[in-house]
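Read through the structure below, which is laid out as structure tokens, and then see the notes.
We use all heavy atoms of the structure for the numbers below, so side chains are in, but hydrogens, waters and symmetry mates are not. Treat the numbers as computed from the prediction; the structure is a model and nothing was measured.
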Amino acid sequence: PGEGKSTLALALARMYALSGRKTLLIDCDLRKPTLHKHVGLQPNAGFIDFLRHHDTESNASMPNVLVNDPLSDLILMLGGRSSDIGTDEFFMDERLARVLATARKHFDYIILDTPPIDPVVDGLYLARNADVVFFVVKWATTPQTVAKRSLEALKDNIGSNTQIYTVLNQQDMASFSKSNVYSEYYNS
């Protein structure tokens with residue numbers, strides 16, 4: 001929590017949308033959805049309600065949970081509220097796979113904003129559906145043991161062709177530049 005996953009997911013999604021790619025960002029943190037706060041929108045039915053009531057024969061209800069980002073052409077599926085039931089069951093069965101299969105027909109990029117890996121299993125189940133995983137680590141805060149354990153768990157849960165990229169986030173540039181032997185050279 002607090003590593004910057006949602007901020008990074010939103011920035012990446014907006015970048016793709018601004019470059020002309022049809023992009024969908026889904027708030028998959030069903031326990032503590034936050035994307036709606038980042039974009040200043042009130043969610044409607046929400047992703048969890050869509051998963052709960054998704055008709056397996058028809059995807060006509062998908063447009064009802066999609067909203068437009070006010071700052072780009074990005075399309076969002078927002079988490080409406082935290083769940084009062086175990087959220088991992090939504091990601092263990094085929095519901096999410098069906099939703100993503102439908103979305104892949106209409107979008108160039110689909111970005112899943114997930115909960116943290118270490119405290120809950122939801123992100124591990126979501127990673128099984130990913131082509132690429134960005135593993136976000138907060139600089140000088142995330143314990144190395146937690147990062148290593150989480151990366152190993154990710155490796156055990158992704159497909160053989162899925163790539164993992166580690167993102168070092170929220171780096172304190174003032175502290176970093178003091179220890180960098182080249183900083184004086186580049187700052188002059």
Whether over 12 other heavy atoms sit under 6.0 Å from D156 CG: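 Yes, CG of D156 has more than 12 neighbouring heavy atoms, counting only those of other groups under 6.0 Å.
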R104 atom CZ, over 12 foreign heavy atoms within 6.0 Å: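 More than 12 within 6.0 Å, yes.
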From CA spacing to verdict: side-chain contact (heavy atoms from CB on, under 4.5 Å), T142, E3: CA-CA 8 Å; T142 305; E3 307 272 334; 2.7 Å; yes
Residues forming a ring pair (Phe, Tyr, Trp, His ring centres under 6.0 Å) with F107, sequence neighbours excluded: none
Partners meeting ring pair (Phe, Tyr, Trp, His ring centres under 6.0 Å) with F135 (sequence neighbours left out):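 Result, ring pair (Phe, Tyr, Trp, His ring centres under 6.0 Å) vs F135: none returned.
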To the closest 0.5 Å, what do you measure between [atom1] ([X]) and [atom2] ([Y])?
X: H36; Y: L78; atom1: NE2; atom2: CG; value: 7.5 Å
X: S72; Y: L25; atom1: OG; atom2: CG; value: 9.5 Å
X: D27; Y: H38; atom1: CG; atom2: NE2; value: 8.5 Å
X: H106; Y: K22; atom1: NE2; atom2: NZ; value: 9.0 Å
X: D113; Y: C28; atom1: CG; atom2: SG; value: 7.5 Å

Audit row: R14, D69, salt bridge (charged side-chain N to carboxylate O under 4.0 Å, His left out) steps and yes/no: CA-CA 9 Å; R14 281 181 170 161; D69 176 28; 2.7 Å; yes
Which heavy atom of [X] sits nearest to which heavy atom of [Y], and what is that distance?
X: L24; Y: M77; result: CD1-N, 4.1 Å
X: I164; Y: L154; result: CD1-CB, 4.0 Å
X: P115; Y: K5; result: C-CE, 3.9 Å
X: I117; Y: S150; result: CG2-CB, 3.8 Å
X: N157; Y: L124; result: CB-O, 3.7 Å
X: P70; Y: V39; result: CG-O, 3.5 Å

Group every Ile, Leu, Val, Met, Phe, Trp and Tyr by side-chain heavy-atom contacts under 4.5 Å, then state whether [X] and [Y] land in the same group.
X: L126; Y: V133; answer: no
X: V120; Y: Y125; answer: no
X: Y109; Y: L18; answer: no
X: I158; Y: I110; answer: no
X: V146; Y: L151; answer: no

Test item: T162 side-chain N/O and S160 main-chain N/O as donor-acceptor pair under 3.5 Å: no
R21 backbone acceptor or donor facing T23 side chain under 3.5 Å: yes
From CA spacing to verdict: side-chain contact (heavy atoms from CB on, under 4.5 Å), L66, L76: CA-CA 6 Å; L66 301 178; L76 301 149; over 6 Å; no
Trace of the side-chain contact (heavy atoms from CB on, under 4.5 Å) decision for I26 with I111: CA-CA 6 Å; I26 303 175; I111 298 173; over 6 Å; no
Set of side chain to side chain donor-acceptor pair (under 3.5 Å) partners for N129, sequence neighbours left out: none
salt_bridge(R149, E152) N-O dist < 4.0 Å: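 Result for this pair is no, no salt bridge flagged.
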Residues T166, V137; criterion side-chain contact (heavy atoms from CB on, under 4.5 Å); working and verdict: CA-CA 7 Å; T166 303; V137 178; 4.1 Å; yes
